[in-house]
Amino acid sequence: MRQSKLFTSTRRNAPKDEVVRNAELLIRGGFIHKEMAGVYSYLPLGLRVLHKIEQIIREEMDAVGGQEVRMATLHPSDNWKKTGGWSSVDVLFKIQSRTEKEYALGSSEEEIVTPIAQEYIGSYKDLPLAVYQIEQKYRDELRAKSGIMRGREFGMKDMYSFHADQKDFERFYETVKQAYFKVFERCGLDAKVTEASGGAFSNKLSYEFMVLTDAGEDDILYCGQCTHCVNVEVAKHAAGDTCPKCGKGKLKKARAAEVGNVFDLGQRYPKSFGFTFKDKDGKDKTPVMGCYGIGTTRLMGTIVEVLSDDKGIVWPATVAPFSVHLVAIAGGNADVTAEADRVYELLCENGIPALYDDRDERAGAKFADADLIGIPKRLVVSEKTVSAGGIEVTDRSNGSSTLVADSAIVEHLRM
Ligand code: ATP
Ligand code: MG
């Protein structure tokens, strides 16, 4: 895409009330637009990143057998009254129609998915079932000061599974846990998994996936030598204690962001809706249910928090809005512009997603914008590179530069 055509531009300052880095950098880079506290619009660059994150998640959920759906976000209040959520879920946004009917805005989708599954599952042969969606959620959060990491409207992948018995649920639960590690790794993050109590949803065990960052809202204790990790809220230990799991490492305390979690919901929701199936012995049984969330927009914010430097964002290639930022430093020289145009066409022809800075701007401003936007590879075409017969390729993550002959550029970028 030609940057001269991109309707957004970078800005020097973020709104004064933005205190966290993810919001500051994403707003300054033109990725998102703030509507009010906890509510953001996603602009072309930001949407490209979000789509890539969603696609990684989609591939991993499909790989464990999840079937993608899109469920309603405007919910009938009756469903929430049946499960008790109407009076117990404090973050639920409730809407009153002019006809005096009441609705809820989806904060989670157990109330919708359970009756859907009930309609199609009659026998043990229909189980297990896992369905997921990637969609907006609405929550009346009291504080929304973490940029896109805590929204009142935000993106989530939510999957729900139904099983004939606890054993089958536990098998699937473990599979999803492994898929979650793949998702976070593909997004360039190192996630730890905590064991914690399931909070409002259930008193059974749940797992939370945590990424270390000061912008997070959770405190965790983790072992430096093994995978042991717990939320401080539920911990029986303290920082400096010997790890109760491996007995070797010392526990460290850190701030972390919960990017995802998996819950054992038991039979609570199926019971609320009178959902049973015929088991092998012909008897009516209630399915066991699990739910699995990933905050897609929180994940994007976490990537920015963890992978950025004093100049801007450093996107991992897997989620970057473009693979290449082609920067023309022409200074009025038509030959340089012609060469940069040619390189841009070459990239397009070869299917290499490129943002082409063809604007009439100073070199310094273009480089500062490229650093802020954080595309992994910067390609510079200037008088200097044209006379040397090449293109300067700079790596955003470590700043290293090389001159690559134009005939070899496509091959170089594919390496
Ligand atoms: P938290 O403790 O951070 O409020 P939660 O326990 O309420 O999270 P869930 O209801 O299980 O989270 O939602 C699943 C995932 O959605 C979370 O792991 C998190 O990544 C994300 N998430 C939850 N609330 C928000 C929010 N207000 N803004 C952005 N992402 C959120
Ligand atoms: Mg919450």
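Count residues from 1 along the sequence. We count ligands from 1, going down the list as the structure has it; atoms in each ligand are counted the same way.
- Ion pairing between D218 and R255 fails under the 4.0 Å rule for side-chain N and carboxylate O.
- At a heavy-atom distance under 4.0 Å, only backbone atoms of M149 (N, CA, C or O) approach ligand 1.
- Under the 4.0 Å criterion applied to side-chain N and carboxylate O atoms, D369 and R378 are not assigned as salt-bridge partners.
- Residue S108 places every heavy atom at 4.0 Å or more from ligand 1.
- Side chain of Y160 to backbone of E109: a donor-acceptor contact under 3.5 angstrom is found.
- Within the listing of ligand 1, atoms 24 (N), 26 (C), 27 (N) sit less than 4.0 angstrom from a heavy atom of E141.
- Each of the following atoms of ligand 1 lies closer than 4.0 Å to a heavy atom of G295: 15 (C), 16 (O), 20 (O), 21 (C).
- The distance from ligand 1 to the heavy atoms of V259 drops below 4.0 Å at these ligand atoms: 18 (O), 20 (O).
- Note: an N/O pair closer than 3.5 Å links R150 and ligand 1 by distance alone.
- When only interatomic distances are considered, the shortest N/O to N/O separation between F263 and ligand 1 does not fall below 3.5 Å.
- In this structure, D279 contributes its side chain and D281 its backbone to no donor-acceptor pair below 3.5 Å.
- For a threshold of 3.5 Å applied to N or O pairs, the pair formed by I148 and ligand 1 contains no separation below that value.
- Under 4.0 Å is where a charged nitrogen must lie from a carboxylate oxygen, and between R186 and E60 at least one such pair does.
- Geometrically, ligand 1 and E258 share a nitrogen or oxygen pair separated by less than 3.5 Å.
- Checked by distance only, ligand 1 and G151 come closer than 3.5 Å through their nitrogen or oxygen atoms.
- Salt bridge status for E102 with K81: present, with a side-chain N to carboxylate O gap under 4.0 Å.
- Y138 places no side-chain N or O within 3.5 Å of a backbone atom of T73 that could act as its donor or acceptor partner.
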